[in-house]
Amino acid sequence: TIKTVRMAEKVKPGQRNMSTSCEWSSSWSKKELCPGPGVIIEGTIKTVRMHSVFLRSAPSVHSQDEQLPTRYIALIVDVDMACRRNFDANGNEKPPKMSKMKMATKGYLPHWDRVDSSLAEKLTIDELSTTLAGSPACAVPPGWSDTSAKKVHPTVPNAAEVWMEAEKYKHMDLKVGEAVRIKTSGNSIIGESLARMGEQHVPTVGGDPKLGQSWTSKIVANKEEEPEEEEDNGEWD
C-alpha cells in the first residue's frame with residue numbers, strides 16, 4: 001500500500017520541458033513503495049519533464065540498499081496496452097499468460113477448438129490506475145504530483161504517468177510521440193526499464209533481445225506456431 005504523505009510541489013516552465021519537484025517526509029524505499037509484481041505498459045509518450053524528490057529525513061543505514069532514486073524523467077504515456085508482469089517461483093520473469101483455446105463438444109467426444117490468442121491478464125485503464133496508484137480515481141498516487149494528477153486518467157482518458165531514473169535514461173533523449181514499452185518496479189509509477197518500440201534490439205518481456213515489435217504481437221505469433229495437441233495446464237480459458 002502506498003502511504004500518503006504531505007508533499008510540496010514546485011513547477012518551473014522551461015523552453016523545452018517543464019520540471020517539477022516535491023518533498024517527501026516518509027520512507028523513500030522500494031520495499032515500502034513498490035510492492036507486487038508490477039506491470040508492462042506499451043504506449044506513446046505525451047509529455048516529458050524532469051522531476052526531483054527532496055527527502056526531509058535521511059534514510060537509515062539498513063534501508064540504503066532499497067533506497068529509490070530522487071531524480072526522474074517523468075513521462076505521461078497514452079496507453080495502448082497494459083498487462084501484469086509474470087514471474088516463476090524462482091523470481092525469473094516469464095511472458096504474460098495467454099488464452100487461446102476453448103473447450104467445445106461435437107457428438108459424444110469433447111475436443112479443443114483453437115481461437116485467437118489474447119492476454120489473460122490484460123488490464124483496463126481503470127485496473128492499471130488502481131494497480132499503480134491504488135484507485136481508479138487518479139493514475140498518480142495521492143500526494144505524489146498534484147500537477148500530474150490533472151493530466152492523467154480519468155481527467156485525461158487513457159493517460160498514465162511513469163517515473164524513470166534520470167541518471168539511467170537521460171542518454172535516450174526521450175521525445176513526445178515516441179512509442180515505448182515500460183516495465184514498472186512493483187505496482188508503482190516508478191519505472192524499472194524502458195525501451196523504444198521498433199528499435200533493432202528491443203528486450204522482450206523475458207529480457208531476450210529480439211527485433212523490435214509489439215511484445216503482444218510476438219507472443220501471439222509464437223503461440224500460434226505451437227503444436228495443436230496440448231495439455232490443459234490450468235492457464236487456458
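We're numbering straight along the sequence, starting at 1. Basis for what follows: all heavy atoms, side chains included, without hydrogens, waters or symmetry-related copies.
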Distance-only, no hydrogens or angles: does the Ser129 side chain make a donor-acceptor pair with backbone N or O of Ser135 under 3.5 Å? yes
Who passes side-chain hydrogen bond (donor to acceptor under 3.5 Å, both in side chains) against Glu178, sequence neighbours left out? Arg196
Atom NZ of Lys151 with >12 non-hydrogen neighbours under 6.0 angstrom: no
Taking the side chain as C-beta and beyond, is there a heavy-atom pair between Trp163 and His51 under 4.5 Å? yes
Are side-chain heavy atoms of Glu93 and Ile40 found at a separation under 4.5 Å? yes
In the structure I gave you, are the side-chain heavy atoms of Ser21 and Phe54 within less than 4.5 Å of one another anywhere? yes
Just to verify, what does Tyr169 make a side-chain contact (heavy atoms from CB on, under 4.5 Å) with, not counting sequence neighbours? Ile73, Met164, Met172, Ser193, Leu194
Keeping the roles fixed (side chain from Asp88, backbone from Asn90), state whether a donor-acceptor pair exists under 3.5 Å. yes
4.5 Å side-chain heavy-atom contact, Leu33 and Trp28: yes
Is the closest side-chain heavy-atom distance between Ile182 and Val77 below 4.5 Å? yes
With sequence neighbours left out, the residues meeting side-chain contact (heavy atoms from CB on, under 4.5 Å) with Pro154 are none
Quick one, Cys83 and Leu123 - any side-chain contact, counting heavy atoms below 4.5 Å? no
Find the distance between OG1 (Thr184) and CZ (Arg84) and round it off to the nearest 0.5 Å. 10.5 Å
Is a side-chain donor or acceptor of Asp78 paired with a backbone partner of Thr44 at a separation under 3.5 angstrom? no
Separation of Arg56 CZ from Ser25 OG (nearest 0.5 Å): 5.5 Å
Thinking salt bridges, do Arg181 and Glu42 make one under a 4.0 Å N-O criterion? yes
Residues in salt bridge (charged side-chain N to carboxylate O under 4.0 Å, His left out) with Lys168, at least two apart? none
Test item: Trp24 and Trp144 side chains (from C-beta on) under 4.5 Å apart, heavy atoms: yes
Between Val152 and Cys138 the two heavy atoms that sit nearest each other are CG2-SG, 3.9 Å
Can you get from Val162 to Val176 by hopping between Ile, Leu, Val, Met, Phe, Trp and Tyr side chains that sit under 4.5 Å apart? yes
Please tell me whether Ser145 and Thr147 have a donor and an acceptor in their side chains that are separated by less than 3.5 angstrom. no
Provide the closest heavy-atom pair for Arg71 versus Ser52 in the form atom of the first, atom of the second, distance. CG-OG, 4.2 Å
The criterion is side-chain contact (heavy atoms from CB on, under 4.5 Å); which residues satisfy it with Val79, sequence neighbours excluded? Ile41, Ala82, Ile125, Leu128, Asn158, Ala160
Compare every heavy atom of Ser148 with every heavy atom of Val140, then report the nearest pair and how far apart it is. CG2-CB, 4.0 Å
Would a single hydrophobic cluster contain both Ile76 and Val156, if residues Ile, Leu, Val, Met, Phe, Trp and Tyr are joined by side-chain heavy-atom contacts under 4.5 Å? no
Going by the rule side-chain hydrogen bond (donor to acceptor under 3.5 Å, both in side chains), which residues pair with Asp126 if we only count those two or more places apart in sequence or in a different chain? His153
First locate atom CD1 of Ile189, then atom CG of Leu75, and finally report the distance between them rounded to the nearest 0.5 Å. 10.5 Å
For Ala149 and Thr155 the tightest heavy-atom approach is O-OG1, 3.9 Å
side-chain contact (heavy atoms from CB on, under 4.5 Å) with Cys34: which residues, sequence neighbours excluded? Lys30, Leu68, Ser185, Ser188, Ile190
Sorted by first residue and then second, give each salt bridge (Lys or Arg N to Asp or Glu O under 4.0 Å) pair with at least one member in residues 154-165; sequence neighbours left out. Arg49-Glu161
Taken in chain and number order and not counting sequence neighbours, the residues that satisfy salt bridge (charged side-chain N to carboxylate O under 4.0 Å, His left out) with Glu167 are Lys170
